[in-house]
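Given the structure is predicted, the values throughout are model-derived calculations rather than measurements. Read the numbers this way: they start at 1 and go in the same order the structure lists the ligands and their atoms.
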Amino acid sequence: MSRTYYIAGNWKMHKTRAEAAELAKALVSQLKGGKHRYLVAPSFTLIETVAPIVKGSNIRLGAQNMACEEQGAHTGEVSVFQLKDLGVQTVILGHSERRHNYKEDDALINKKLKLALKHGLEVILCIGELLEEREAGKAEQVCETQLVKGLEGVSAAELANIVIAYEPVWAIGTGKTATPEDADAIHAFVRKLIGKLYGADAAEKIIIQYGGSVKPDNAAQLMAKENIDGALVGGAALKPDTFVPIALFG
Ligand code: PGA
């Protein structure tokens, strides 16, 4: 496989500045020489602290969300310029917690995604079905809708700056992981869909991460699957003891 594994830590709403600095320093030293691609995504308030620590290392700096407008009267939002000003290189968009708890829809996510691309940020676009959708046999359909609508208006050239994260919502923070086979089936489906939309070369190149209770003891099995190109890690990303073994697998 020519794709490089990409392992990202989504720190969600955890840590103070001192704790974030400690974690970032530990990761920089322990992932030095690691052969995969890495990213950490701290809360907005922690980015300025983490930025100089990861600068020049093999760990990219990410944000967990971004406003859909460039600037203006948007109380409580953070703009693409503000993120870039801090050195942010990547933004996670469409996380299920944004979709379901904060009611972000596909149109809003698409608007954010296009804005991020316009300003040169890499985007990790999260997609994934709810438990009831999976049980109703609709997992593929839900992922297809989120993918097609999320990527609306995105050119083949721009796709090079997009990573997809498949995160079945029922597996996030629950300790329930999709089996490697079930996850790979959706990844294969997503890759095929990218092929239909953007051609075989784009499908071969796109990185598709799996997310949802990735831990040191299941990461290697998941990433051994043909279509699983990395992981988006939540809970296990909060400690070097659990993130480093995932990041250094293989
Ligand atoms: P989890 O979170 O690893 O804690 O399940 C993953 C995510 O939400 O990205």
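- In terms of modelled atom types and a separation under 3.5 Å, the side chain of Tyr5 and the main chain of Gly250 share no donor-acceptor contact.
- Near Ser213, the atoms of ligand 1 lying under 4.0 angstrom from a non-hydrogen atom of the residue are 1 (P), 3 (O), 5 (O).
- Of the polar atoms of Lys215, none of the N or O atoms is found under 3.5 Å from an N or O of ligand 1, judged by distance alone.
- Closest to atom 7 (C) of ligand 1 among all protein heavy atoms lies Glu167 OE2, 3.1 Å.
- Of the candidates Glu129, Glu135, Glu133, Glu129 is the only one forming a side chain to side chain donor-acceptor pair (under 3.5 Å) with Trp170.
- Of all the atoms in ligand 1, the ones that sit under 4.0 Å from a non-hydrogen atom of His95 are 7 (C), 8 (O), 9 (O).
- Note on ligand 1: Gly212 sits in its first shell, one or more heavy atoms being nearer than 4.0 Å.
- Interface atoms of ligand 1 facing Ala171, defined by a heavy-atom separation under 4.0 Å, are 5 (O).
- Taking atom 3 (O) of ligand 1 as the reference point, the nearest protein heavy-atom neighbour is Gly234 N, 2.8 Å.
- Under a cut-off of 6.0 angstrom, the local environment of CD in Glu22 is sparse, with at most 12 non-hydrogen atoms contributed by other residues, nucleotides or ligands.
- Contacts between Ala165 and ligand 1, counted as non-hydrogen atom pairs separated by less than 4.0 Å, are absent for every part of the residue.
- Glu122 has a carboxylate O that lies under 4.0 Å from a charged side-chain N of Arg37, or vice versa, which qualifies the two as a salt bridge.
- Less than 4.0 angstrom separates some heavy atom of Asn10 from each of these atoms of ligand 1: 9 (O).
- Each of Arg99, Arg98, Lys111 was scored for a salt bridge (Lys or Arg N to Asp or Glu O under 4.0 Å) with Asp106, with one residue passing: Arg99.
- Assignment of Cys126 to the shell around ligand 1 is not supported, since no heavy atom sits closer than 4.0 Å.
- Within the 4.0 Å heavy-atom cutoff, Gly173 counts among the residues contacting ligand 1.
- At a threshold of 4.5 Å between side-chain heavy atoms, the hydrophobic network of Ile, Leu, Val, Met, Phe, Trp and Tyr places Val190 and Ile92 in two separate groups.
- For Thr174, no nitrogen or oxygen atom sits less than 3.5 Å from a nitrogen or oxygen atom of ligand 1, counting backbone and side chain alike.
- Under the 3.5 Å distance criterion, the side-chain polar atoms of Asn218 are matched with a main-chain donor or acceptor of Ser213.
- Both the backbone and the side chain of Ile172 come within 4.0 Å of ligand 1, judged by heavy-atom distances.
- Looking only at heavy atoms of the protein, atom 4 (O) of ligand 1 is closest to Gly235 N, 2.8 Å.
- Residues Ser57 and Lys32 form no side-chain contact, since every pair of their non-hydrogen atoms from C-beta on lies 4.5 Å or further apart.
- No side-chain heavy atom of Lys239 sits less than 4.5 Å from a side-chain heavy atom of Val244.
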